[in-house]
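Below is one structure, written out as C-alpha cells, with a few remarks after it.
Remember, predicted model here, so these are calculated numbers, not experimental data.
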Amino acid sequence: MYEQNPRVSKVKFDNIIGSTALHLAVLCRRSHIVVKLVAVINERSEDPADILSTPNAQGDSPLHLAANMGSIEMSKCIIGGHKHLLGIRNSCDSLTPIQEAALSGYKEAFFWLCEMCYSTAQAQDYCRAMNGKTVLHSAIELEHWANPNINWIKAKKNGDIFTEVRKLPTSTGTRLKPFQDLAFQIIHRHESLMDSVDNCGYSPLHVLAEKPLLHSEAAFISVSWTTSFIILLYTC
C-alpha cells in the first residue's frame, strides 16, 4: 500500500492517539518495519521530511517516540539526512526529541542525539525548553543526577582548566539511582549549561539548592567568581 500510494503514510489509523503507521511501528518497537516504512517515504514521497515529522494526537513525531523509548536504532533510521527533525517540538509540552530522551532517562540515546546536531550550540538550543529550562535543570529536578561513588572537582581560572576525578568508597547500603549520573554527564559534556538560566532567572544551582540533601545522595556545589569557578560533586 505504501509503495503504491505514498500519501497513505500520513493517514492516521488510530482515532484516539492519532498515529500513522510509522508511529505505530515505533511504539511496537518493530525496528525492521520502521526501516521499510522510512525507506519508502524517502524514496517515493515528494516531501519526506513533512511525512517524517507528522505528529500524532499528542503532537509527537515518530522521532519523539523513538527518543522517548531510548532507541538509537530507530532514531538513526528516522533522522537519516533530515537533521532538522531533532529540533521539532511537540505540541503537548514543546519538547524536542533530545529532551524526550533525557527526561526518560535514556542517557546513551540523549548524548547520541546531541552528537547528531550540526553543532554543540545547536544541541544545547534543542536541550532548552520554551520556559528556558534545560535538560540539566530537569535532570536535577527529577533526581536523575546522583552518582555517590564519584568525587569530581573541576576548576577554571584565567582560561586554564584543572580537573581531578577521584573514586570514593561506597558507604554501606548506598544504592545508585536508575538515572544515577545523567546530570553529572551533562555537566561534563555540556559545561556551559551550568550557567544557563530559565525564564524566571533560575540556574541549575538554584534548582539544586531547593532540594534537601539526603543521606548517601550526591550533590554538586558551584561557586562563581569573576574569573574562576569550582564545581564539586561530593558524597554526603
Intermediate values then yes/no, side-chain contact (heavy atoms from CB on, under 4.5 Å), Leu113 and Ser75: CA-CA 8 Å; Leu113 289 167; Ser75 295; 4.2 Å; yes

Check: Gln124/Thr134 side-chain N/O donor and acceptor closer than 3.5 Å: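 The criterion, which ignores hydrogens and geometry beyond distance, is not satisfied for Thr134 and Gln124.
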
Test item: side-chain donor near acceptor, Asp93 and Gln99, under 3.5 Å: no

Pairs involving residues 115-140, ordered by first then second residue, that meet salt bridge (charged side-chain N to carboxylate O under 4.0 Å, His left out) (sequence neighbours left out): Lys133-Glu141

Salt bridge (charged side-chain N to carboxylate O under 4.0 Å, His left out): pairs with one or both residues in residues 57-76, sequence neighbours excluded: none

Derivation and outcome, side-chain contact (heavy atoms from CB on, under 4.5 Å), residues Leu136 and Leu182: CA-CA 8 Å; Leu136 183 55; Leu182 177 57; over 6 Å; no

Rounded distance [0.5 Å steps], [atom1] in [X] versus [atom2] in [Y]:
{"X": "Trp112", "Y": "Ser71", "atom1": "CH2", "atom2": "OG", "value": "9.0 Å"}
{"X": "Leu95", "Y": "Cys127", "atom1": "CG", "atom2": "SG", "value": "11.5 Å"}
{"X": "Leu22", "Y": "Thr20", "atom1": "CG", "atom2": "OG1", "value": "5.0 Å"}
{"X": "His64", "Y": "His23", "atom1": "NE2", "atom2": "NE2", "value": "9.5 Å"}
{"X": "Ile51", "Y": "Arg44", "atom1": "CD1", "atom2": "CZ", "value": "12.5 Å"}
{"X": "Cys114", "Y": "Ile98", "atom1": "SG", "atom2": "CD1", "value": "4.5 Å"}

Considering all heavy atoms of both residues, which atom of [X] and which atom of [Y] are nearest to each other, and what is their separation?
{"X": "Arg89", "Y": "Ser94", "result": "NH1-O, 3.0 Å"}
{"X": "Pro97", "Y": "Leu85", "result": "CG-O, 3.7 Å"}
{"X": "Cys77", "Y": "Val38", "result": "O-CG1, 3.5 Å"}
{"X": "Asn90", "Y": "Gly59", "result": "CB-O, 3.0 Å"}
{"X": "Cys117", "Y": "Ala123", "result": "SG-CA, 3.7 Å"}
{"X": "Gly132", "Y": "His137", "result": "O-CE1, 4.5 Å"}

Hey, are the side chains of [X] and [Y] touching, using non-hydrogen atoms and a 4.5 Å cut-off?
{"X": "Phe111", "Y": "Ile186", "answer": "yes"}
{"X": "Pro48", "Y": "His82", "answer": "yes"}
{"X": "Arg30", "Y": "Leu24", "answer": "no"}
{"X": "Leu86", "Y": "Ile79", "answer": "yes"}
{"X": "Tyr106", "Y": "Ile72", "answer": "no"}
{"X": "Val26", "Y": "Met69", "answer": "yes"}
{"X": "Leu52", "Y": "Ile41", "answer": "yes"}
{"X": "Ser196", "Y": "Pro204", "answer": "yes"}

Shared hydrophobic cluster, Val35 / Leu63 (ILVMFWY, side-chain heavy atoms < 4.5 Å):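 No: no chain of side-chain contacts under 4.5 Å links Val35 to Leu63.
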
With distance as the sole test, does [X] use its side chain to make a donor-acceptor pair with the main-chain N or O of [Y] at under 3.5 Å?
{"X": "Thr96", "Y": "Tyr126", "result": "yes"}
{"X": "Ser53", "Y": "Asp50", "result": "yes"}
{"X": "Asp198", "Y": "Asn131", "result": "no"}
{"X": "Glu191", "Y": "Ile187", "result": "no"}

Residues Tyr202, Val197; criterion side-chain contact (heavy atoms from CB on, under 4.5 Å); working and verdict: CA-CA 5 Å; Tyr202 284 88; Val197 295; over 6 Å; no

Phe184 and His188 aromatic ring geometry - parallel, tilted or perpendicular at 30°/60° bounds: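 Geometry flag for Phe184 against His188: parallel rings.
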
